[in-house]
K.L.:
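My structure is below; once you've seen it, I'll send some questions.
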Amino acid sequence: MGYVLLAGAIAAEVAATSAMKYSEGFSRLWPTVVTLVGYLVSFVLLSRTLKTVEIGTAYAIWSGAGTAAIAIIGLVAFGEGMTAAKLAGMALIVGGVVVLNLGGAH
């Protein structure tokens, strides 16, 4: 169940970050509301995840998956460029998350 909650936390964080782009510096009401609610939901779900998933693993997955998802959304939805450096960075993030998960619990 912890990983289901973590997936929800990631989805909420990605939605909030995407909405932040549309908020134009928090000057537009509804994207600002979506941003605030999305981050609130994300942190609540992340905190519940920590009841069953180690904090280092949960945070690495949450931040890494969120970062990779936002980079892809930036590319597809916002027309941001993809460079070799960005691709390498995303690969390193995913690789780091995999290594943390392979490390397992003590």
Side-chain angles (χ1 to χ4, degrees):
M1 185 64 171
Y3 286 99
V4 173
L5 293 171
L6 183 56
I10 293 165
E13 187 268 334
V14 168
T17 302
S18 299
M20 189 185 306
K21 173 76 171 171
Y22 291 111
S23 76
E24 296 178 12
F26 297 127
S27 65
R28 296 181 59 215
L29 176 63
W30 293 113
T32 298
V33 169
V34 171
T35 299
L36 296 174
V37 170
Y39 280 119
L40 177 65
V41 169
S42 181
F43 285 125
V44 167
L45 292 175
L46 181 60
S47 72
R48 294 200 176 160
T49 298
L50 298 180
K51 291 180 179 180
T52 59
V53 179
E54 290 183 350
I55 190 169
T57 300
Y59 189 75
I61 294 169
W62 179 78
S63 61
T67 300
I70 288 298
I72 292 167
I73 288 169
L75 176 70
V76 173
F78 300 118
E80 296 177 357
M82 179 59 71
T83 64
K86 283 185 180 181
L87 192 58
M90 288 183 4
L92 287 169
I93 290 167
V94 171
V97 169
V98 169
V99 168
L100 279 172
N101 279 306
L102 290 176
H106 291 342

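Positions are given from 1 along the sequence.
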K.L.:
Would you compute the distance between atom CG of Leu50 and atom CG of Leu46 and round it to the nearest 0.5 angstrom?
P.N.:
5.0 Å

K.L.:
I'd like to know whether CD1 of Ile55 has more than 12 heavy-atom contacts from other residues, nucleotides or ligands below 6.0 angstrom.
P.N.:
no

K.L.:
Nearest 0.5 angstrom please: Leu87 CG to Leu92 CG, how far?
P.N.:
10.0 Å

K.L.:
Mind checking side-chain contact (heavy atoms from CB on, under 4.5 Å) for Val41 and listing every partner two or more places apart, or none if nothing turns up?
P.N.:
Ala12, Val37, Leu45

K.L.:
Would you say Val34 and Met20 are hydrophobically clustered, going by side-chain heavy atoms of ILVMFWY under 4.5 Å?
P.N.:
no

K.L.:
Could you tell me which non-hydrogen atom of Ile73 sits nearest to which non-hydrogen atom of Val14, and how far apart they are?
P.N.:
CD1-CG1, 3.4 Å

K.L.:
Val53, Met1: one ILVMFWY side-chain cluster at the under-4.5 Å cut-off?
P.N.:
no

K.L.:
If you take all heavy atoms of Arg48 and Leu5, which pair is closest and at what distance?
P.N.:
CB-CD1, 3.9 Å

K.L.:
I'd like to check the side-chain contact (heavy atoms from CB on, under 4.5 Å) partners of Thr32; sequence neighbours left out, ordered by chain and number.
P.N.:
Ser23, Phe26, Leu36

K.L.:
Counting C-beta onward and ignoring hydrogens, is there a side-chain heavy-atom pair between Met90 and Ile72 closer than 4.5 Å?
P.N.:
yes

K.L.:
Show every side-chain hydrogen bond (donor to acceptor under 3.5 Å, both in side chains) that has at least one partner inside residues 5-19, sequence neighbours left out.
P.N.:
Glu13-Thr17, Thr17-Tyr39

K.L.:
Distance from Thr57 atom OG1 to Leu100 atom CG, nearest 0.5 Å?
P.N.:
5.5 Å

K.L.:
With sequence neighbours left out, what residues match Tyr22 under side-chain contact (heavy atoms from CB on, under 4.5 Å)?
P.N.:
Arg28, Pro31, Phe78

K.L.:
When hydrophobic residues are tied together by side-chain contacts of less than 4.5 Å, even through go-betweens, does Ile93 share a cluster with Ile10?
P.N.:
no

K.L.:
Return the set of residues passing side-chain hydrogen bond (donor to acceptor under 3.5 Å, both in side chains) with Ser42 (not counting sequence neighbours), or none when no residue passes.
P.N.:
Trp62

K.L.:
Looking only at heavy atoms, which two atoms of Ala58 and Thr49 are closest? And how far apart?
P.N.:
CB-CG2, 4.1 Å

K.L.:
Could you work out, with side-chain contact (heavy atoms from CB on, under 4.5 Å) as the rule, every residue matching Thr83, not counting sequence neighbours?
P.N.:
Ala85, Lys86

